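Just so you know, ligand 1 is whichever comes first in the structure, and atom 1 is the first atom listed for that ligand. Just so we're clear, the structure is a prediction, and the values are computed from it rather than from any experiment.
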Amino acid sequence: MKISIDRLPQNHKGLILLPFEESESLRYPTDFQKLKISSVLFSGKKDTQFLLEDSASERTYLLIGLGKNPDYKTIQTAFRRLTAKQSRLFEKGALLAIQEEMKDSFLEAAVSGLYLGTYRLGHFKKTEEPKLDWENVSLRISSSFEDAEKIAERASKIANAQLQVFNLVDLPSNTVTPEYLSDWARNAGKTFGFEVKVLGRAEAKEQHLDAFLAVSQGSHREPQFIIAQYNPENPKKHIGLVGKGVTFDTGGLNIKTAGMVHMKCDMGGAAAVLGAMQAIADLKLPVKVTAIVPCVENSVDNQAFLPSDVIGSYAGKTIEIIDTDAEGRLILADGLSYLIKNHQPDSVIDLATLTGSTVGTFGYECAALFTNDIDLSQNLQKSGESIGERVWPLPLWDVYQPEIESEIADLKNYHGKPFAGAIVAAKFLEAFTENHGSWAHIDIAGTAFGDSEFAKTKHATGFGMHLLLNLLEKI
Ligand code: BES
Ligand code: ZN
Ligand code: ZN
């Protein structure tokens with residue numbers, strides 16, 4: 001979209017978008033006083049619209065209802081709906097009229113929503129109807145905000161990174177392989193300004209990333225251990241990120257009997273972290289960030305690791321494999337200890353589609369948060385609340401420690417019991433954090449991929465990218 005900021009020109013023709021919060025008597029912006037219509041027809045209720053055609057002035061007014069005190073996600077979704085479902089309205093461009101009393105975040109949510117709505121799931125369709133040339137659609141914003149231009153640009157950068165996350169998660173595992181992810185990271189690094197180093201199988205062997213390698217054994221796809229670094233001048237802090245990059249999770253020899261078809265989403269943590277790196281560099285945040293993204297396919301052949309195998313790890317701890325489907329914690333274990341030993345970040349955050357247990361606990365609207373840092377916990381909750389990516393804490397109490405103790409090795413990767421799955425997985429990860437005092441693990445199994453009004457099948461939500469960005473902006 002080509003965005004420009006304008007006062008409303010008298011002779012403006014075409015589509016005018018007018019968002020309204022619900023109210024007994026709607027407040028129309030000064031330029032649109034004569035538009036007032038009966039509250040019976042439109043009162044700004046959530047998820048309502050009213051379309052008014054004025055042939056004399058060649059204008060089409062689209063009144064958009066947002067409900068009372070709409071939050072960020074509600075505003076974003078209302079605008080996403082427009083470009084997703086009514087794209088033809090935008091053929092000749094549009095003007096968005098922002099009212100004076102609306103906040104900066106309103107404009108950001110609206111513009112990013114318009115961008116997100118341009119996403120289409122039909123990546124491989126040969127027969128899809130022609131897409132609008134969104135890059136050339138002009139969007140005029142009439143707003144009295146001083147920094148409207150900056151906010152709109154910021155929104156477009158955030159949306160751009162989110163669209164990348166959508167792509168990475170929705171594309172299938174025969175496209176998004178570990179090598180696809182490392183290529184993506186190298187390209188984004190060049191475009192947006194961060195360093196990328198990748199360890200393949202041989203280098204990972206040299207480094208003794210044995211838990212990471214064990215998961216990759218049953219697949220012909222080369223594992224990729226991505227190390228990305230964004231290093232601005234005079235950074236305020238150094239944050240470490242880790243994202244689970246299982247490009248497909250068959251379960252391994254403990255093969256999945258349910259839900260395997262959705263397991264292309266098992267690199268949702270990787271996508272969120274890589275997307276965050278793009279946005280962080282694009283927005284030039286004054287924070288140093290080191291991201292580790294271990295990427296593997298968890299598949300089955302005669303080389304695959306076996307239940308009962310004892311494997312090593314970068315931290316030097318031995319692990320008894322109880323279940324090959326508990327693979328995410330193995331690659332994260334190496335990711336976490338590699339990050340902490342070699343880069344010593346001030347805080348560490350990992351994102352992973354880790355357990356079905358999280359889906360059972362929080363469903364699809366909230367991710368599970370585990371952390372030993374109360375400030376980080378509160379900041380993550382606040383960030384999540386403000387942009388509609390909720391997280392809520394679960395405990396890391398030591399009473400759960402026996403669940404990961406093994407008789408034959410230092411640890412086991414699964415307790416084999418039908419309870420506390422998310423907590424036990426988090427306790428396992430904790431064992432690889434080198435007692436770091438500021439670590440947060442976010443289990444996004446329920447929130448990374450799901451149903452929405454924007455597609456008939458489950459699809460990427462982009463969860464996590466914006467959460468990380470928002471958190472890092474507050475540092
Ligand atoms: N990738 C799955 C977790 C998952 C579940 C992601 C649902 C997205 C949606 C993970 O690797 C897994 O298989 N977890 C198992 C572990 C168990 C078998 C040891 C689980 O939680 O059921
Ligand atoms: Zn699994
Ligand atoms: Zn998995």
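- Atom-to-atom distance recorded for E297:CD and M267:CE is 12.5 Å, nearest 0.5 angstrom.
- D325 O, 3.3 Å is the protein heavy atom nearest to atom 12 (C) of ligand 1.
- Closest to atom 7 (C) of ligand 1, if we only count protein heavy atoms, is M263 CE, 3.8 Å.
- A salt bridge links K157 to D282: at least one charged side-chain nitrogen sits closer than 4.0 Å to a carboxylate oxygen.
- The residue H415 has no part lying near ligand 1, judged by heavy-atom distances below 4.0 Å.
- For atom 14 (N) of ligand 1, the closest non-hydrogen atom of the protein is L354 O, 3.5 Å.
- Closest heavy-atom approach to atom 11 (O) of ligand 1 within the set E327, M260, M267, K417: this belongs to E327.
- Salt bridge annotation for K288-D346: absent, with no cationic side-chain nitrogen under 4.0 angstrom from a carboxylate oxygen.
- Looking at E403 and K427, no side-chain N of the basic residue comes within less than 4.0 Å of a carboxylate O on the acidic one, giving no salt bridge.
- Taking a 4.0 Å cut-off on heavy atoms, K256 registers as neighbouring ligand 1.
- Of all protein N, O or S atoms, those under 2.8 Å from the Zn ion (ligand 3) number 4.
- Taking the ring centre of F225 as origin, the terminal cationic atom of K197 falls outside the region bounded by 6.0 Å and 45° from the ring axis.
- With hydrogens left out, the protein atom closest to atom 22 (O) of ligand 1 is G356 N, 3.9 Å, a heavy atom.
- Salt-bridge formation is detected for the pair E385/R390: a Lys NZ or Arg NE/NH1/NH2 atom is positioned less than 4.0 Å from an Asp or Glu carboxylate oxygen.
- Within ligand 1, counting atoms from 1 as listed, the ones closer than 4.0 Å to a heavy atom of T353 are 1 (N), 2 (C), 3 (C), 6 (C).
- Taking atom 2 (C) of ligand 1 as the reference point, the nearest protein heavy-atom neighbour is D249 OD2, 3.6 Å.
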